[in-house]
Amino acid sequence: MAFKGQPIPSNLYNISSGKISDGKSVRVKSIGAVAEGNFYLIDGFFGMATQSATTGQEVVLNIEQAEFETDQIDKTQTFAVGTSIYWNDTKKQFTETDTGNRKVGRVSATKDSNNVIWFILGPQA
């Protein structure tokens, strides 16, 4: 690294790009009230909010391809293991219905008696 008074002349080059993070989360501006631990679709990113926020505040979404647990589902549906799941942004819940909804993952543990599922979050596309 170059410094003033260095005995051998050298050049310092600034690199214009580099790794920012591991891509497991993203910062977005909330478009409404956000509750920590709930899932949201904000600015094209789908993930779990890591903190609560009000409209216009910055919020971090966990978008890691990992297994999550949630009760934020359409309780009238089955959610069997292996079922593709979608996000209904109007109702702010997971659904088995693909029409008009964004695909977000696949069920890894069937809906239980408490209306809770486990699912694998798919890649951001």
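Without hydrogens or angle criteria, Thr97 side chain to Thr99 main chain gives no donor-acceptor distance under 3.5 Å. Judged by distance alone, with hydrogens and angles left aside, the side-chain atoms of Asn88 form no donor-acceptor pair with the main-chain N or O of Lys92 at under 3.5 Å. Checked by atom type and distance alone, the side chain of Lys111 pairs as donor or acceptor with a backbone atom of Gln77 at under 3.5 Å. When atom types are taken as modelled, the side chain of Asp74 and the backbone of Thr76 share a donor-acceptor pair closer than 3.5 angstrom.
Atom OG of residue Ser30 and atom CD of residue Gln57 lie 6.0 Å apart, to the nearest 0.5 angstrom.
In the hydrophobic clustering, where aliphatic and aromatic side chains (Ile, Leu, Val, Met, Phe, Trp, Tyr) are joined below 4.5 Å either directly or transitively, Val107 groups with Phe39, Leu41, Phe46, Met48, Phe68, Ile73, Phe79, Ile85, Trp87, Phe94, Val104, Ile117, Phe119, Leu121.
Looking at Val28 and Leu61, their side chains come closer than 4.5 Å, going by heavy atoms from C-beta outward. Looking at Ser25 and Glu64, their side chains never come closer than 4.5 Å, going by heavy atoms from C-beta outward.
Applying the side chain to side chain contact (heavy atoms under 4.5 Å, CB included) criterion to Thr78, with sequence neighbours excluded, gives Ala80, Glu96. Applying the side-chain hydrogen bond (donor to acceptor under 3.5 Å, both in side chains) criterion to Asn101, with sequence neighbours excluded, gives no partner residue. With sequence neighbours excluded, the residues that form a side chain to side chain contact (heavy atoms under 4.5 Å, CB included) with Ser108 are Glu67, Trp118, Ile120. Judged as a side chain to side chain contact (heavy atoms under 4.5 Å, CB included), and not counting sequence neighbours, the contacts of Asn38 are Ala35, Tyr40, Gln72. Lys29 pairs by the side chain to side chain contact (heavy atoms under 4.5 Å, CB included) definition with nothing, not counting sequence neighbours.
Remark: Arg102 CZ is packed, more than 12 non-hydrogen atoms of other residues, nucleotides or ligands lying under 6.0 Å away.
Across Gly47 and Ile63, no two heavy atoms sit closer than the pair CA-CG2, 4.2 Å.
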TODO: Decide side chain to side chain donor-acceptor pair (under 3.5 Å) for Thr50 and Glu36; before the verdict, give the C-alpha distance in whole Å, the side-chain angles of both, and the deciding distance to 0.1 Å.
DONE: CA-CA 5 Å; Thr50 61; Glu36 179 181 357; over 6 Å; no
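Phe45 and Ile42 end up in the same hydrophobic cluster when Ile, Leu, Val, Met, Phe, Trp and Tyr side chains are linked at under 4.5 Å.
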